[in-house]
Structure formats: C-alpha cells, structure tokens
Amino acid sequence: MFGWAITFLIIAIVAALFGFSGIAGVATNIAWILFVVGLVLAVVFLVMGRRRPPL
C-alpha cells in the first residue's frame, strides 16, 4: 500500500514539474488516500495480531 502511495506521489511531483496541475492534484489525492488507508490497515493488523488464538 505504501509503495503505491509513493508511486503516485512521484507521479504527482513529475506532473507538477511539467505544469500538469490537474494530474498532479489528482495523483496527490490518490497518494494521500492510499497512505491513510495503509496506516489504518497497519494499525488494525497490529492490534489483531496481539490477540490470543481461540481455544
């Protein structure tokens, strides 16, 4: 998930350098959403991993 976020962030930076502000804005939003989703999933998996297995 974080790899995709970094990929879209790089796309946004390159698009901004070439003046494509619309594409840069969309890519930045996608990168932000993927980053937040990745953080939420990481926290969920961290919490779920600490539970004892059912007997």
Would you tabulate the side-chain donor-acceptor contacts of residues 21-39 under 3.5 Å, counting partners in other chains and residues two or more places apart, or write 'none'?
{"unit_1": "Thr28", "atom_1": "OG1", "unit_2": "Ala24", "atom_2": "O", "d": "2.7"}
{"unit_1": "Asn29", "atom_1": "ND2", "unit_2": "Gly25", "atom_2": "O", "d": "3.4"}

**Message:** Rounded to the nearest 0.5 Å, what separates atom CH2 in Trp4 from atom CD1 in Ile11?
**Reply:** 8.5 Å
**Prompt:** Which pairs pass ring pair (Phe, Tyr, Trp, His ring centres under 6.0 Å) with one or both residues in residues 6-27, sequence neighbours excluded?
**Reply:** none
**Prompt:** Which residues satisfy the side-chain contact (heavy atoms from CB on, under 4.5 Å) test with Phe45, sequence neighbours excluded?
**Reply:** Leu41
**Prompt:** With ILVMFWY side chains joined below 4.5 Å, transitively, what does Leu17's cluster contain besides itself?
**Reply:** Leu9, Ile13
**Asked** Any link between Met48 and Val40 through a network of hydrophobic side chains (Ile, Leu, Val, Met, Phe, Trp, Tyr) touching at under 4.5 Å?
**Response** yes
